[in-house]
> 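Pasting a structure below so you can have a look.
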Number of protein chains: 2
Amino acid sequence: MSIKFAILGILSFQPSTGYELKKIIEDSSVMYWSGNNNQIYKSLVQLLAEGLATNEVRHQESAPSKKIYTITAEGLSELRSWTLSAPEPPEFKKSFLTQLAWADRLSPDELDGLLGIYEEEVGSRLFMQQEKTRRGDAFAPKRTPRETYLWTMIEENVHSFYLSEWQWVRNLRKELQNNDAFKEVKP
Amino acid sequence: MSIKFAILGILSFQPSTGYELKKIIEDSSVMYWSGNNNQIYKSLVQLLAEGLATNEVRHQESAPSKKIYTITAEGLSELRSWTLSAPEPPEFKKSFLTQLAWADRLSPDELDGLLGIYEEEVGSRLFMQQEKTRRGDAFAPKRTPRETYLWTMIEENVHSFYLSEWQWVRNLRKELQNNDAFKEVKP
DNA sequence: GGTGTCATGTAAACAGTTACATGATTTT
DNA sequence: AAAATCATGTAACTGTTTACATGACACC
């Protein structure tokens, strides 16, 4: 899936500038791109060329002028047919698991320290995700009861990703601490 | 994290050819690269240049000759210091969540169908992961009790990723089916 | 006779990140 | 005086995938 559909989706909710799209994508946990300029401004040019969006330049005093992009009817139908297309399976990148895979050369203390750092890192993501939901400051269209429910469940999904990772590492750490068989150091 | 450390890790367990590395990486759920030639053969050349591995060409009758790569002492110490370095936070890419985010334009039946396909897709990954563990055919060094435990917990982590996604989508689907407030169609 | 395994590599394309560039205004 | 916000864009690089290329043998 390309960033193009993420942009089309946002435009289907509200006309936006590249700058606004960047910010929305940047602090969304679901839309996983970094939200860098290169991708966004290039995609917008492409959407124009494909006739999926139009833009309108608005000049401003005391601020740079901006281009407000609006989705077209073709854009809406392209978006709709994409939402109906076969879903891609979920993927993860946990480089920490590869790190752990070769961590048997570490001493018990070194390993526990490593797990501690990971626990903290994951814990802080978990906390930030909870805060975002609690404050309700996340970008979230709520046009129908169903849409509201869907967006709640999307945030719930992200939350449970971090929660289960956090529980997993805490449990692993505890087990390593409590079982003396794991404390033998390799020659 | 680059594929370089995944390769160094495997080499720290057993000397291997590029072809063998490719297969191990390809069917590992943890090492998330596609295992394509380009990356592997280039990385091996680089590891040689950095003195982290050496190779030995073995000519074979009735099969192409192969290059067996062996990790060096510097390679081992590089690997060790990497395992001690600050872990990266876990990441996910679930393009399906973005798809769902804009799915309120779909009819209840279309949405249920979409969720059904995702449920099946995730279910089959979950099943394959369980089978891999059950058959015990996954690549897994078991040199000490601790290493055995670590690799078990790594597989457990992958398993629970798919399991919680599966439970999430089943629950979402059921709720949408049971609550009539979600069955109103937008004008 | 076609497909699969063993085994190495290259070319081209696409996706994604970081950093650069400009410039006014507002906040600390 | 420095940093952040608004706003658009480009350049260079890295990472990743798909496809191409070769060739022998084994299995169905």
Side-chain angles (χ1 to χ4, degrees), chain A residues 1-7 10-11 14-28 30-50 53 55-69 88-89 91-95 98 137, chain B residues 1-7 10-11 14-28 30-50 53 55-70 88-89 91-93 95 98 137:
Chain A
M1 175 221 170
S2 68
I3 197 173
K4 173 180 150 183
F5 293 106
I7 292 175
I10 300 169
L11 292 184
Q14 49 173 237
S16 315
T17 66
Y19 188 77
E20 285 164 339
L21 290 165
K22 179 193 163 88
K23 276 192 300 174
I24 291 168
I25 292 173
E26 228 167 26
D27 57 59
S28 156
V30 173
M31 295 177 282
Y32 43 78
W33 302 268
S34 69
N36 65 91
N37 296 346
N38 208 329
Q39 253 179 314
I40 288 170
Y41 289 107
K42 268 185 188 160
S43 300
L44 285 173
V45 168
Q46 212 188 300
L47 289 179
L48 277 186
E50 294 176 65
N55 74 6
E56 185 205 344
V57 183
R58 186 158 305 170
H59 295 284
Q60 299 174 114
E61 289 158 38
S62 82
S65 37
K66 51 183 172 182
K67 292 182 182 171
I68 301 162
Y69 288 82
E88 292 169 32
E91 283 171 49
F92 58 87
K93 281 196 185 176
K94 304 183 183 181
S95 79
T98 309
D137 63 352
Chain B
M1 175 220 170
S2 68
I3 198 171
K4 174 179 150 184
F5 293 106
I7 292 175
I10 300 169
L11 292 183
Q14 49 172 241
S16 315
T17 66
Y19 187 77
E20 285 164 340
L21 291 167
K22 179 193 163 87
K23 277 192 300 175
I24 291 167
I25 292 174
E26 231 167 23
D27 58 58
S28 156
V30 173
M31 294 177 282
Y32 44 77
W33 301 269
S34 69
N36 65 94
N37 297 345
N38 208 327
Q39 252 178 314
I40 289 171
Y41 288 108
K42 267 185 188 161
S43 300
L44 285 172
V45 168
Q46 210 187 302
L47 289 179
L48 278 185
E50 294 175 66
N55 74 8
E56 185 206 344
V57 182
R58 187 156 304 168
H59 294 284
Q60 299 175 113
E61 291 157 36
S62 83
S65 35
K66 51 182 170 182
K67 292 183 182 172
I68 299 162
Y69 288 83
T70 307
E88 291 168 34
E91 281 170 51
F92 58 88
K93 281 195 185 178
S95 79
T98 308
D137 63 352

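What you see below is based on every heavy atom in this structure, not just the backbone, and it leaves out hydrogens, waters and symmetry mates. Labels below follow one simple rule: chain letters A, B, ... track the order of the sequence lines, proteins then strands, and each chain is numbered from 1.
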> Would you list the protein and nucleotides 22-24 of chain C atom pairs, both N or O, that sit under 3.5 Å from each other?
none

> Any idea which heavy atoms bring B:W33 and B:S2 closest together, and the distance?
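Here B:W33 and B:S2 meet closest at CZ2-C, 3.8 Å.
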
> Pull out every residue in residues 17-28 of chain B that has a heavy atom closer than 4.0 Å to any atom of DNA chain C, ordered by number, or say none.
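Within this stretch, B:T17, B:G18, B:Y19, B:K23 sit under 4.0 Å of the strand.
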
> Could you report the tightest heavy-atom contact between A:L11 and A:S16, atom names first, then the distance?
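Heavy-atom minimum between the residues: CD2-N, 3.7 Å.
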
> Identify, with sequence neighbours excluded, every residue that meets side chain to side chain contact (heavy atoms under 4.5 Å, CB included) alongside A:P64.
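In terms of side chain to side chain contact (heavy atoms under 4.5 Å, CB included), with neighbours along the sequence ignored, A:P64 is linked to no residue.
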
> Check whether any side-chain heavy atom of B:Q60 lies under 4.5 Å from a side-chain heavy atom of B:S65, and answer yes or no.
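The answer is no, as the side chains (C-beta and beyond) never meet within the 4.5 Å cut-off.
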
> Let me know the distance between CE of A:M31 and P of C:dA15, rounded to the nearest Å.
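After rounding, the reported distance stands at 19 Å.
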
> Can you list everything that forms a side chain to side chain donor-acceptor pair (under 3.5 Å) with B:E56? Sequence neighbours excluded, please.
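Side chain to side chain donor-acceptor pair (under 3.5 Å) list for B:E56, sorted by chain: B:R58.
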
> Using only atom types and a distance under 3.5 Å, with no angle test, would you say the side chain of A:S28 pairs donor to acceptor with the backbone of A:I24?
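No, because the side chain of A:S28 does not come within donor-acceptor range (under 3.5 Å) of the backbone of A:I24.
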
> Can you measure B:Q60 atom CD to C:dT8 atom P for me and round it to whole angstrom units?
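In whole Å, C:dT8 P and B:Q60 CD are 9 Å from each other.
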
> Who passes side chain to side chain contact (heavy atoms under 4.5 Å, CB included) against B:Y19, sequence neighbours left out?
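Partners of B:Y19 by the side chain to side chain contact (heavy atoms under 4.5 Å, CB included) criterion, ordered by chain and then number, come out as B:T17, B:K23, B:Y41.
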
> Suppose we screen for side chain to side chain contact (heavy atoms under 4.5 Å, CB included). Which residues come up paired with A:T98, at least two apart in sequence or across chains?
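Once residues adjacent in sequence are excluded, the partners of A:T98 under the side chain to side chain contact (heavy atoms under 4.5 Å, CB included) criterion are A:W102, B:M1, B:A6, B:V30, B:M31, B:W82.
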
> Sequence neighbours excluded, which residues qualify as salt bridge (Lys or Arg N to Asp or Glu O under 4.0 Å) partners of B:E50?
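For B:E50 the salt bridge (Lys or Arg N to Asp or Glu O under 4.0 Å) partners, ignoring immediate neighbours, are B:K4.
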
> Using five base pairs at each end, measure the axis-to-axis angle across the helix from C:dG1-D:dC28 to C:dT28-D:dA1 and round it to 10 degrees.
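For the helix from C:dG1-D:dC28 to C:dT28-D:dA1, the axes at either end differ by 40°.
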
> Take the protein atom NE2 of B:H59 and the nucleotide atom P of D:dA24, then report the distance between them rounded to whole Å.
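In whole Å, D:dA24 P lies 17 Å from B:H59 NE2.
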
> List for me each residue that meets salt bridge (Lys or Arg N to Asp or Glu O under 4.0 Å) alongside B:E26, sequence neighbours excluded, and say none if there are none.
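In terms of salt bridge (Lys or Arg N to Asp or Glu O under 4.0 Å), with neighbours along the sequence ignored, B:E26 is linked to B:K22.
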
> Looking at side-chain heavy atoms only, is the closest gap between B:N55 and B:T70 below 4.5 Å?
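Of all side-chain heavy-atom pairs linking B:T70 with B:N55, none is under 4.5 Å.
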
> Who pairs with A:S34 by side chain to side chain donor-acceptor pair (under 3.5 Å), at least two apart in sequence or on another chain?
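A:N36.
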
> Going by the rule ring-ring contact (aromatic ring centres under 6.0 Å, His included), which residues pair with B:F92 if we only count those two or more places apart in sequence or in a different chain?
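Applying ring-ring contact (aromatic ring centres under 6.0 Å, His included) to B:F92 gives A:F161.
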
> Treat primed atoms plus P, OP1 and OP2 as sugar-phosphate and everything else as base, then score nucleotides 10-18 of chain D 5' to 3': B for base contact with protein heavy atoms under 4.0 Å, S for sugar-phosphate contact only, - for none.
BBB---SBB

> Rounded to the Å, how far apart are A:K4 NZ and C:dC14 C1'?
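Value for this atom pair: 15 Å.
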
> A:Q46 CD to D:dG9 P: how many Å, rounded?
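Result: 15 Å.
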
> Once you round it to whole Å, what is the distance between P of C:dA7 and CD1 of B:I40?
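Going from B:I40 (CD1) to C:dA7 (P), I get 14 Å.
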
